Amino acid sequence: MDLNAAQLEAVKTLSGPLLVLAGAGTGKTQVVTHRIAELIRHRTPPGRILAVTFTNKAAKEMQQRAAARLGRRLKEKPEISTFHSLSVRILRRHIRQLGYPTAFTIYDRADQQSVARSVLREIKVADAVIRPADLINQIGRWKTASIRPRQAAAIAETDKEHLAAVAYRRYQNALKAVGAVDFDDLLLCTEELFRRFPKIRRQEAGRFDHLLIDEYQDTNGSQYRIVKALAAGHRNLCVVGDDDQSIYGWRGAEVTHILGFKKDWPDAKIIRLEVNYRSTREIIAWANRLIAFNKLRHVKVLRTTVRGEKPRILQLQDETTEAETVVGEISARIRTKRRRPRDFAILCRTNEQPRAFEMELRRAKIPYVLFGGMSFFDRKEVRDVLAYLKLLANPRDEVSLLRVINTPPRGIGQTTVARLTQFAVAQARPVWDILPGAAKHGGIAPAATDAIKQFQSLIAAYRKRAKSEPLARLVAELIHQIGYRNELARLYPNPNDQESRWASVEELINAVGSYAASAQRPTLLGFLQEATITSRDDDRQRESQLEHNAVALMTLHSAKGLEFPEVYLVGMEEGLLPHKRSIADGSDVDEERRLCYVGVTRAQRRLTLTLALSRRKWGKPRPTQPSRFLYEITGQADNPNYKAAGKPKKSRSRKRIARPPG
DNA sequence: GACTCGAGTCCCGCC
DNA sequence: GACTCGAGTC
């Protein structure tokens, strides 16, 4: 594709701060890859270029595109990664400065949950008062705002906030005690490292001469400060993003970062990309009309030339009819319009919605791939094996220890485990450390004592071997020795279940193998760190399926950055989109509107919005209201932003989408 | 103390 | 519909 004037300017502006405000489908990715190529053509050593993307998938894609543009001649590659993998790499070098062991474990959401649960139990807070998931979200918000436990306690107002602050302190201590960091800590620690040790900041920043940040609208506080710290010296910072697509406010992303870029970098050049190469005029018209309802934004109006059919709104009876209708249409269009399954996407607001569509797709025998939801690394059997590996890498990892100490059952029952944790808490030592002397503490049956001894020497033996032996073989042997296959057989009498579970275990062993083959200095911990930060979107199986040919079934959040010829945006109802939690929280309907905007702008040729007049919720069918966005997008609602500017009023009629009588 | 039973609550999104 | 929690029962 030839670049237009604006794109060309963005590619050729090689020094100084630059903000590229790129609307949806305006060739943002091309600009970034062309720019990397241009920098290298102007004799920037590739290794001195750092590009940061939002997901690992995006990073991988950009790596491929950059490689394609540059040819394979380069010895060095530009560094293209996410904030999280960048942080892991920095922390591997310096985390000791912050009082952590160099061998740090990364806790994912499930690990966080179990820490949160035990913390809440310790301070005797019932689930009804603070749910573990809510506590984690709250801690996450504090962390991305750089608020430490002590400050959290100081600013807490309600009883609930005070409790959460207490839990936060204990949670953080628990993590630190076992040498674990969570996702937010990765960024927070990096930020802290740069703040407290200017020499380290200079050293890390000095590794690059050019910094590119993609999806800048979704940077949170920590990321924002890391970017500043890395770019302060050379000032060659290019950020690319679209404030209209900022959809991660709930995890600390702030649109103000992109809106206020010029304030941080007064000499910044701003380039707008507004020519859309993706969608038809009709789709863009709807997108423009919808997003104009948001108040706080850089005004952009997407332009495009391709004409197509008008987007449609389908009102269906309930969620089953919705799924039947959508899948029926897809099926018909594959037969009669020579479309392929991969040309379609069904986009949902929540992870629960796809269920009905999955059933229909299966019935219609249309291949599909479900994104989000349960990932490979969420499966019980995978988590079990991973917990063993985590324990080998770091025996103080309490969450993993407690998970595997009696999996498969080896005679260390609940009572014994409870006693062990009591001893450990009483002595303020990790459970692992008190295992050898467990017998002395009394209250533990002789049989259990033996089992503990055996378990302990098993882990110790493999721990030793992990330092020298090939990892994949070691893991396979460990799984064999603990009799995990028999355990699966015991738990899942159905041979199909058994087979598929065992297949995941084997896939995990393969993953260890391919990691060991590709890493420079493979270690168990390295594998685990990588697996944790790439688990969600690095699912090779899904990728290949999609490439192969399947309907994409996913949430709006995971659809960011993707495009499809035909898009079904389903569940256009009040409470779902906008989601009821965002309505209840007050202000954040604008983010829901951006989410809807992201969905609409994924469509290249054909867009269908659907709503169900009744939807089953918690077992019972309940009547629904059409989403306010439907009125806005079709011009049936007043836009207060236009009214202020004296634009003509739109029709106020709501009849076109109103519920039919009866 | 173990049990049943009904009421009340619940899962939004993810690197 | 699935789960938890507390009151009530044995």
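Convention: sequence-line order gives letters A, B, ...; per-chain numbering from 1. If you're wondering where the values come from, they're calculated on a predicted model, not measured in any experiment. The figures that follow rest on heavy atoms only: side chains count, while hydrogens, waters and symmetry mates do not.
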Quiz prompt | A:F183 ring center within less than 6.0 Å of A:Y107 ring center | solution = no
Quiz prompt | Side chain of A:N56 - closest among B:dC15, B:dC14, B:dC12 | solution = B:dC15
Quiz item: Among B:dC15, B:dG13, B:dC11, which nucleotide sits nearest the side chain of A:T82?
Solution: B:dC15
Quiz item: For A:Q422, what residues pass the side-chain contact (heavy atoms from CB on, under 4.5 Å) criterion, not counting sequence neighbours?
Solution: none
Quiz item: Over how many whole Å does the gap from A:R355 atom CZ to C:dG1 atom C1' extend?
Solution: 10 Å
Quiz item: Nearest nucleotide by nearest heavy atom, which residue falls closer to the 5' end of DNA chain B, A:D184 or A:A133?
Solution: A:A133
Practice problem: Examine the base of B:dG13 for any acceptor or donor lying under 3.5 Å from a partner atom in the side chain of A:W250, and report the outcome as yes or no. | Solution: yes
Quiz item: Does a side-chain N or O from A:S582 land closer than 4.0 Å to OP1 or OP2 of B:dG13, or not?
Solution: no
Exercise. Just jot down the side chain to side chain donor-acceptor pair (under 3.5 Å) partners of A:N294, sequence neighbours excluded, or say none.
Key: A:R593
Exercise. Could you work out which one of B:dC15, B:dC14, C:dG1 sits closest to the side chain of A:W618?
Key: C:dG1
Quiz item: When the C1' atoms of B:dG13 and C:dA2 are considered, how many whole Å apart are they?
Solution: 22 Å
Practice problem: Looking only at side-chain atoms of A:Y248, point me to the closest of B:dC12, B:dC14, B:dC15. | Solution: B:dC14
Exercise. Please state whether the rings of A:H257 and A:Y224 are parallel, tilted or perpendicular, taking 30° and 60° as the class boundaries.
Key: parallel
Quiz item: How many Å lie between CD on A:E352 and P on C:dA2, as a whole number?
Solution: 13 Å
